[in-house]
Amino acid sequence: MHELAITQSLFKIVLEQAQKAGAVKVSRINLKVGRLTGYVPEAVEMNFNLLASGTIVEGAGLKIEWVPVKVLCRDCQKESEQQDLGLGCAHCGSLNVQIAGGREMYIDSMEVDNG
């Protein structure tokens with residue numbers, strides 16, 4: 001359910017940026033979403049389509065690119081990316097790590113038509 005509040009915030013940003021650009025139509029939105037966010041992409045897409053109905057965003061493509069989890073090892077001081085949700089260091093196997101990425105969600109880019 002938290003996807004609705006997040007999607008509303010994203011949608012508000014899309015409309016604000018489209019307005020600043022003088023857009024008459026938004027054709028594509030590229031999102032980056034960290035693996036640790038726990039967001040369900042289908043829920044984000046469904047909410048986005050509902051919010052977009054009747055606006056300049058209606059019919060826009062929504063591409064979600066997943067950002068991998070990154071950890072910084074406090075023991076060997078190396079950073080590694082995790083392909084799954086395991087949080088151990090890929091270099092030395094230590095669990096003494098700091099999460100360095102994978103919690104983000106942001107609009108990477110938008111494609112608009114200025115008419």
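Basis for what follows: all heavy atoms, side chains included, without hydrogens, waters or symmetry-related copies.
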Can [Y] be reached from [X] by stepping across I, L, V, M, F, W or Y side chains whose heavy atoms are under 4.5 Å apart?
X	Y	answer
Val69	Met105	no
Ile29	Leu4	no
Val112	Leu51	yes
Val24	Val57	no
Ile6	Leu15	yes

Any chance the side chains of Gln82 and Ser80 put a donor and an acceptor closer than 3.5 Å?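 On atom types as modelled, these side chains qualify, holding a pair under 3.5 Å.
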pair [X]-[Y]: side-chain heavy atoms closer than 4.5 Å:
X	Y	answer
Cys73	Cys92	yes
Ile64	Tyr39	no
Val33	Tyr106	no
Arg28	Asn30	yes
Val71	Gln98	no

Among Thr37, Asn47, Leu10, find the residue that satisfies the side-chain contact (heavy atoms from CB on, under 4.5 Å) test when tested with Glu3.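 Result: among Thr37, Asn47, Leu10, Asn47 is the only option passing the side-chain contact (heavy atoms from CB on, under 4.5 Å) with Glu3.
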To the nearest 0.5 Å, what is the distance between [atom1] on [X] and [atom2] on [Y]?
X	Y	atom1	atom2	result
Glu81	Lys70	CD	NZ	5.0 Å
Phe11	Asn49	CZ	CG	10.0 Å
Asp108	Leu31	CG	CG	9.0 Å
Lys32	Lys63	NZ	NZ	8.5 Å
Gln17	Ser109	CD	OG	12.0 Å

Distance-minimising heavy-atom pair for [X] and [Y]:
X	Y	answer
Asp75	Ser94	OD2-OG, 2.5 Å
His91	Glu79	NE2-O, 3.2 Å
Trp66	Gly34	CZ3-O, 3.7 Å

Under 3.5 Å donor-acceptor, [X] side chain and [Y] backbone:
X	Y	value
Ser27	Glu111	yes
Glu58	Ile56	no
Ser53	Leu50	no
Ser9	Ala5	yes
Gln77	Arg74	yes

Check this for me: Glu16, atom CD, are more than 12 non-hydrogen atoms of other residues, nucleotides or ligands nearer than 6.0 Å?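 Yes - once you tally the heavy atoms of other residues, nucleotides and ligands closer than 6.0 Å, there are more than 12.
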